[in-house]
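Residues: numbered from 1 along the sequence shown. Indexing begins at 1, ligand by ligand and atom by atom, following the structure's order.
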Amino acid sequence: MKSKKITIAIDGFSSCGKSTLAKDLAKKLGYIFIDSGAMYRAVSLYTLNNNYIKNGIIDEPALIESLKDIELYFELNSTTNSPEIILNGVNTETEIRTPRVAEVVSKVAVIKEVREKLVLEQRKIGIHGGLVMDGRDIGSVVFPNAELKLFITASTDVRVERRHKELISKGIDISKYDVKFNLEERDLIDSTRKESPLIKTGDAIIIDNTKLTREEQLNEAFNLAKSLIIL
Ligand code: DC
């Protein structure tokens, strides 16, 4: 059955180009785009800034207790036309993308109470449909009834190359070795954790973008969406 405004869930491993696709697709459809990873990153930044991580160990009771003090929302950057994450009134879009945050985010994202808070907020944002959200558990947990579910993959080498290029372009000096280590560590934690692990649901369609251009990937996803929407 075709619907007017659908919900599109995009999941996959780290640095597969999920957010790029979600953003492009949302723009083409006139939908809202939400990068759910930004929310986990913002909670991780809060955790670091409040010294709830010592020697790589998270003080979970302290973080859980202060979850009520974390206010997150997205604000549209009118120049880039992208939503940017605001953490307790401060735009943290740049800071959440640094290796310091990438190193701890998967550990913060395993905490049940963190997930419960963020899933509730993600569902609120998507209540009226007309949304493309990317992450790890969007099709499995956040919107299990999403009309379109995509599972994005790409080879590890291509993912490392893309993420390394992105970080270098932002002036972050990091080796490919460190980028690869972080990606593989996050993939392992994200897909083996107890709470909402990254999985491909049976109804998700795989797009392997290893050899696709950004535009080819968008066209593939757009055609799938078009077949479900009353335009
Ligand atoms: O998409 P990303 O790389 O910015 O996400 C950062 C981390 O957040 C990722 O390693 C796992 C976690 N995450 C999650 O557990 N669930 C989501 N829906 C999105 C991200």
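Using a non-hydrogen distance threshold of 4.0 Å, Arg193 registers as a contact of ligand 1.
Between the side chains of Ser106 and Asp190, at least one donor N or O sits under 3.5 Å from an acceptor N or O. If you check the side chains of Arg136 and Ser14, you find a donor sitting under 3.5 Å from an acceptor. Side-chain N/O atoms of Thr156 and Lys180 include no donor and acceptor closer than 3.5 Å. Defined by atom type and a distance below 3.5 Å, a donor-acceptor pair is missing between the side-chain atoms of Asp157 and Ser155.
The side chain of Arg186, and not its backbone, has at least one atom closer than 4.0 Å to an atom of ligand 1 (non-hydrogen atoms only; side chain from C-beta on). Contacts with ligand 1 closer than 4.0 Å are made by side-chain heavy atoms of Arg115 only, the backbone lying farther away. When heavy-atom distances to ligand 1 are checked against a 4.0 Å cut-off, Leu198 has no atom that comes that close, whether in backbone or side chain.
Close approach to Asp137 involves these atoms of ligand 1, each under 4.0 Å from a residue heavy atom: 16 (N), 17 (C), 18 (N). For ligand 1, the atoms closer than 4.0 angstrom to any heavy atom of Asp190 are 9 (C), 10 (O), 11 (C). Here is the list of ligand 1 atoms found below 4.0 Å of a heavy atom in Arg41: 2 (P), 3 (O), 4 (O), 6 (C). Shown in contact with Ala109 at under 4.0 Å from a heavy atom are these atoms of ligand 1, numbered in order with element: 12 (C), 15 (O). Below 4.0 Å from some heavy atom of Ile138 lie the following atoms of ligand 1, by number and element: 18 (N). Atoms of ligand 1 lying under 4.0 Å from any heavy atom of Ser106, numbered from 1 in the order shown and given with element: 10 (O).
Applying the 6.0 Å contact sphere to CG of Asp69 captures more than 12 heavy atoms from other residues, nucleotides or ligands.
Taking every heavy atom of both residues into account, Arg100 and Leu48 meet most closely at NH2-CB, 3.6 Å.
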